[in-house]
Novice: 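Structure provided below as structure tokens; questions to follow.
Order of the sequence lines sets the chain letters (A, B, ...), proteins ahead of strands, with each chain counted from 1.
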Protein chains: 2
Amino acid sequence: MGAALALVGKGRHFASLGIREVTRQAGVVPTSFYRHFRNMDDLGLQLVDELGLVLRRMMREARANVLQSDKLIEESVAIFVAHAQTNRNFFMFMAQGLAGESRAVQEGIRSEMRFFASELANDLRRLRLMDHLSDADLDLTCDLVVRTVAFSLTDLLSVSPDDDYQVGQIRKRTSRFLQMIFVGAGHWQSDGA
Amino acid sequence: MGAALALVGKGRHFASLGIREVTRQAGVVPTSFYRHFRNMDDLGLQLVDELGLVLRRMMREARANVLQSDKLIEESVAIFVAHAQTNRNFFMFMAQGLAGESRAVQEGIRSEMRFFASELANDLRRLRLMDHLSDADLDLTCDLVVRTVAFSLTDLLSVSPDDDYQVGQIRKRTSRFLQMIFVGAGHWQSDGA
DNA sequence: CACATTAGTGAACAAGTGTACACATACAGA
DNA sequence: TCTGTATGTGTACACTTGTTCACTAATGTG
């Protein structure tokens, strides 16, 4: 799995990886592959599972660092960007998988995103922010937030992690996106819809 | 190019296509490939160019049908969904390319999206909607709108085009996303930022 | 210690791959 | 009608691919 991630990190697309290629990168003989996975799709699914762990770790850290802050959005985005950099390969795999070849992987990633959005909704409810929104509208908002952040991932992964200027630009732009969404959510129902 | 699109439409990922595979689908001998393209990346780039045409056609139709409507957002989303269905393969290619293997294709698609967003901004300016927004904030809004619609593409392409119920759900959800964004844009600056 | 399980090895095979080359055909413009 | 250009064909070559099979080394539990 590490070998596959490494190749993805080198710019290869997961869908174009072959068993021999992965085992070669892993420094192991091709047949060893079958000791662990039935095929590449299987490997992909297990990567999705690990991705889930990465996302949960990120959520935990966000919850810990953000609660007492007055700049909720900026802080959260910063944590997201930081995690996206330290787990670059995982997030590359995620970005690829959303429109990937394996329906199962696609569905898996989508489901992780839904989970993420629902956790976000819970947090907002618990913090009594957005208290005027119905449950459905809160879900809508969080879904939109998660999508927006996920799309920013694409921007983030297409620039060098060392290019602090560009990374900063993306962070600022993403924050503004989220602010605009929350402004919209704040005035929802009163004049919207 | 049609053959490559057909394979993408069948669920294959563009990055995993081979020259022989494409020519086979095209009903032509492998060597003929080189008469038209230098390699698969080249083919991808030419597909991006054609994708640009498809998007422009869609914009033209949106402009024609939407101007005199009071339900701007719903109409636009409906037109988008319709085009995404009739040009399903093109849009699949687009969704794949955003996180694809070829940096050039990636950049090409991103640039088409930027163009689309800037055209949208021009239209909104011309219609004197969102007149209170600075140019930069209008661009921000339109970028966010285009991203949101692009992400909905992923949802749309993952359900059967004949599943009217699911397609309808996606259309409604996308419309609500955009409404929320525009509510946010409407109250921007006054209380946001 | 014995033994079952897990992970890795090496050889083999049929099938598929990218690309080069010389050749054939259609057809537009002189 | 001749000729150059664009497109397609067939053959060939050296690799790479997925998967199989029988075999070996390590590992932890009885």
Novice: Quick one: CG on B/Leu138 to CG on B/Leu120, what's the gap to the nearest 0.5 Å?
Specialist: 7.5 Å

Novice: Tell me the interatomic distance from A/Met40, atom CE, to D/dT17, atom C1', rounded to whole angstroms.
Specialist: 13 Å

Novice: As a quick check of understanding, evaluate side chain to side chain contact (heavy atoms under 4.5 Å, CB included) for B/Arg128 and B/Asp131, giving each step before the final call.
Specialist: CA-CA 5 Å; B/Arg128 298 236 166 275; B/Asp131 238 358; 3.5 Å; yes

Novice: Give me each pair satisfying side-chain hydrogen bond (donor to acceptor under 3.5 Å, both in side chains) with a member in residues 38-49 of chain B, each pair once, sequence neighbours excluded.
Specialist: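 For residues 38-49 of chain B: none.
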
Novice: Can you tell me how far P of D/dT17 sits from CG of B/Leu17, to the nearest Å?
Specialist: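 Taking CG of B/Leu17 and P of D/dT17, I get 17 Å after rounding.
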
Novice: Is there side-chain contact between B/Ile181 and B/Leu178, with heavy atoms separated by less than 4.5 Å?
Specialist: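 Yes, at least one pair of side-chain atoms sits under 4.5 Å.
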
Novice: Does the base of D/dG8 carry an N or O that pairs as donor and acceptor with the side chain of B/Thr31 under 3.5 Å?
Specialist: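 Side chain to base: no pair present.
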
Novice: What pairs with A/Phe93 under ring-ring contact (aromatic ring centres under 6.0 Å, His included), at least two apart in sequence or on another chain?
Specialist: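 Per chain and number, A/Phe93 pairs via ring-ring contact (aromatic ring centres under 6.0 Å, His included) with A/Phe14.
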
Novice: Can you tell whether the side chains of A/Arg176 and B/Asp143 come within less than 4.0 Å, N to carboxylate O?
Specialist: no

Novice: Rounding to a whole Å, what distance do you find between B/Arg38:CZ and C/dA20:P?
Specialist: 11 Å

Novice: Among all residues two or more places apart in sequence or in another chain, which pass the ring-ring contact (aromatic ring centres under 6.0 Å, His included) test with A/Phe33?
Specialist: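 For A/Phe33 the ring-ring contact (aromatic ring centres under 6.0 Å, His included) partners, ignoring immediate neighbours, are A/Phe37.
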
Novice: Taking DNA chain C as the partner, which of residues 2-13 of chain A come within under 4.0 angstrom of it by heavy atom?
Specialist: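 Nucleic-acid contacts, sorted: none.
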
Novice: Check whether any side-chain N or O of B/Tyr34 sits under 4.0 Å from OP1 or OP2 of C/dA20, and answer yes or no.
Specialist: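 False: B/Tyr34 side-chain N/O out of range (4.0 Å or more) of C/dA20 OP1/OP2.
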
Novice: Under 3.5 Å, which protein N or O atoms sit close to an N or O of nucleotides 15-17 of chain C? Give each pair with its distance.
Specialist:
from	atom 1	to	atom 2	distance (Å)
C/dT17	OP2	B/Arg24	NH2	2.5

Novice: Would you list the protein and nucleotides 24-27 of chain D atom pairs, both N or O, that sit under 3.5 Å from each other?
Specialist:
none

Novice: Students often get this wrong, so: under 4.0 angstrom with heavy atoms, is B/Val28 touching a base, only sugar-phosphate, or nothing?
Specialist: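 Sugar-phosphate, backbone atoms only, no base.
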
Novice: Please determine if a side-chain N or O atom of B/His36 lies less than 4.0 Å away from the OP1 or OP2 oxygen of D/dG8.
Specialist: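 Yes, because at least one side-chain N or O of B/His36 sits under 4.0 Å from OP1 or OP2 of D/dG8.
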
Novice: What I want to check is whether the side chains of B/Gln96 and B/Glu101 have a donor and an acceptor closer together than 3.5 Å.
Specialist: no

Novice: Check the orientation of A/Phe91 and A/Phe80. Use parallel for under 30°, tilted for 30 to 60°, and perpendicular for over 60°.
Specialist: perpendicular

Novice: Given atom CZ of B/Phe37 and atom P of D/dA6, what is their separation to the nearest angstrom?
Specialist: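 Spelled out: CZ on B/Phe37 to P on D/dA6 is 16 Å.
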
Novice: Might you work through the side chain to side chain contact (heavy atoms under 4.5 Å, CB included) test for A/Leu98 and A/Met113, ending with a clear yes or no?
Specialist: CA-CA 10 Å; A/Leu98 267 171; A/Met113 284 179 56; 4.2 Å; yes

Novice: Thinking salt bridges, do A/Asp135 and A/Arg125 make one under a 4.0 Å N-O criterion?
Specialist: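 A salt bridge is present here (some side-chain N lies under 4.0 Å from a carboxylate O).
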
